[in-house]
Amino acid sequence: MFLSTVDVTLDPDTAHPQLILSEDRKEVRCGDIWQHLPYNPTRFDTCVSVLGKEGFSSGRFYYEVQVKGKTSWTIGVVRESINRKGKIIVSPENGYRTLWLRNGEYKALSGPSVTLSPREKPQKVGVFVDYEEGQVSFYNVEAKSHIYSFTGYTFHKKLYPYFGPCLIDGGKNSAPLIITPVDH
C-alpha cells in the first residue's frame with residue numbers, strides 16, 4: 001500500500017474564534033482576544049482547536065507538527081462528524097485519536113488516557129494514519145522513536161488532522177503549532 005506525505009493546511013472555517021492562523025495556514029496559535037467571526041456549524045466554539053482542511057477516507061498518510069516551545073498542546077486526527085460545540089470529551093469513542101501535553105505530562109487520550117514517558121521531549125511529532133488498518137501512530141521525529149499507537153479501530157468516516165494549541169497561559173504557551181514539510 002502507498003504511503004503519502006500530505007500537504008496539510010488549516011481550515012479557518014473550523015478555527016475557534018481565539019485562534020490565529022498564519023497567512024499560509026501552516027501555523028496556529030492562541031490569541032488574547034476572541035475574534036468576531038460568523039457562526040459556522042463546523043467551527044469549534046469552546047475548545048481552542050482547528051482542523052486540517054484536507055480529509056482522508058482511505059490509504060496511509062503522514063504529516064509532521066512542530067511543538068517546540070509549547071507547554072501544552074493536543075494533536076492527532078478526528079472523524080468528520082465530531083461534536084464541535086459545547087463541552088467536548090476527547091476520546092476514541094467520540095471520534096478523537098489524539099496525543100497531548102499538559103503540565104509536563106504526555107498522554108494518549110484513549111479513554112481511559114494512557115500516561116506516556118518519552119525518553120526525549122518531542123520538538124516535532126509525526127502523525128501516521130493507516131485508514132484500512134485502523135491505526136493512528138505518533139512519532140518523535142528528531143529522536144526517530146515511536147511514542148504511541150491507537151490500533152484496532154475501524155474507520156467509516158473521513159478523518160481530519162486535529163490541532164489544539166491550547167491557551168497561552170500568561171505567555172508561557174504562546175509558541176505556535178507549525179505544520180512542517182516532511183524530510184524524505
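All heavy atoms count here, side chains included; hydrogens, waters and symmetry mates do not. We're numbering straight along the sequence, starting at 1.
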Next item on the list: Dump the intermediate steps for side chain to side chain contact (heavy atoms under 4.5 Å, CB included) on E105 and K107, then the final yes or no.
Entry: CA-CA 7 Å; E105 191 171 69; K107 287 189 177 184; 3.0 Å; yes
Margin query: Are F56 and I75 connected into the same hydrophobic cluster when the rule is that any two of I, L, V, M, F, W, Y join if their side-chain heavy atoms are below 4.5 Å apart?
Written below: yes
Note to self: Is there a path of hydrophobic side-chain contacts, each under 4.5 Å between heavy atoms of I/L/V/M/F/W/Y residues, joining Y63 to F150?
What the structure shows: yes
Margin query: According to salt bridge (charged side-chain N to carboxylate O under 4.0 Å, His left out), who are the partners of K124, at least two apart in sequence or on a separate chain?
Written below: none
Next item on the list: Find the distance between CD1 (I147) and CG (L116) and round it off to the nearest 0.5 Å.
Entry: 8.0 Å
Margin query: Grouping I, L, V, M, F, W and Y whenever their side-chain heavy atoms are under 4.5 Å apart, do V129 and W100 come out in a common cluster?
Written below: no
Next item on the list: Following the transitive rule for hydrophobic clusters with a side-chain heavy-atom cut-off under 4.5 Å over Ile, Leu, Val, Met, Phe, Trp and Tyr, establish whether L10 and Y96 coincide in one cluster.
Entry: no
Margin query: Show the nearest heavy-atom pair for residues C47 and I88, with the distance to one decimal.
Written below: CB-CD1, 3.8 Å
Notebook entry, point to check: For E133, which residues count as a salt bridge (charged side-chain N to carboxylate O under 4.0 Å, His left out) partner, sequence neighbours excluded?
Noted result: none
Notebook entry, point to check: Is a side-chain N or O of R97 found less than 3.5 angstrom from the main chain of V77, in a donor-acceptor match?
Noted result: no
Note to self: To the closest 0.5 Å, what do you measure between CZ (R84) and CG (D45)?
What the structure shows: 11.5 Å
Margin query: Hydrogens and angles aside, do S58 and E132 bring a side-chain donor and acceptor to less than 3.5 Å of each other?
Written below: no
Next item on the list: Run the numbers on R43 and T14 for side chain to side chain contact (heavy atoms under 4.5 Å, CB included), then give the verdict.
Entry: CA-CA 4 Å; R43 186 179 312 286; T14 65; 5.8 Å; no
Note to self: Whether the side chain of T98 engages the backbone of L109 through a donor-acceptor N/O pair (distance < 3.5 Å, no angle test) should be reported.
What the structure shows: no
Note to self: For K85, I'd like to know if atom NZ has over 12 heavy atoms of other residues, nucleotides or ligands within 6.0 Å.
What the structure shows: yes
Margin query: Quick one about S22 and R29 (side-chain donor to acceptor, distance below 3.5 Å, no hydrogens or angles considered), yes or no?
Written below: no
Checklist line | Closest approach of V50 to V28 (non-hydrogen atoms, all atoms of both residues) | finding: CG1-CG2, 4.0 Å
Checklist line | L99 vs W73, side chain to side chain contact (heavy atoms under 4.5 Å, CB included): CA-CA, chis, key distance, verdict | finding: CA-CA 8 Å; L99 191 71; W73 48 262; 4.1 Å; yes
Next item on the list: Check the hydrophobic clustering (I, L, V, M, F, W, Y; side-chain heavy atoms under 4.5 Å; chains of links allowed) and say if L167 and F44 are grouped together.
Entry: no
Checklist line | S72 backbone acceptor or donor facing N173 side chain under 3.5 Å | finding: yes
Check: When rounded to the nearest 0.5 angstrom, what is the spacing between CD1 in I168 and CG in D32?
Finding: 3.5 Å
Item checked: Heavy atoms of other groups near D24 CG, more than 12 under 6.0 Å -> yes
Next item on the list: Could you tell me the separation between the CD1 atom of I82 and the CD1 atom of I89, rounded to the nearest 0.5 Å?
Entry: 13.0 Å
Check: What heavy-atom pair brings L19 and Q35 nearest, and what distance separates the two atoms?
Finding: O-NE2, 2.6 Å
Next item on the list: Could you list all the side chain to side chain donor-acceptor pair (under 3.5 Å) pairs where at least one residue sits in residues 152-172, not counting sequence neighbours?
Entry: S49-Y162, E80-Y160
Next item on the list: For side chain to side chain contact (heavy atoms under 4.5 Å, CB included), just list the numbers for E64 and Y139, CA-CA rounded to whole Å, side-chain angles, deciding distance to a tenth of an Å, and then say yes or no.
Entry: CA-CA 9 Å; E64 295 178 349; Y139 297 90; over 6 Å; no
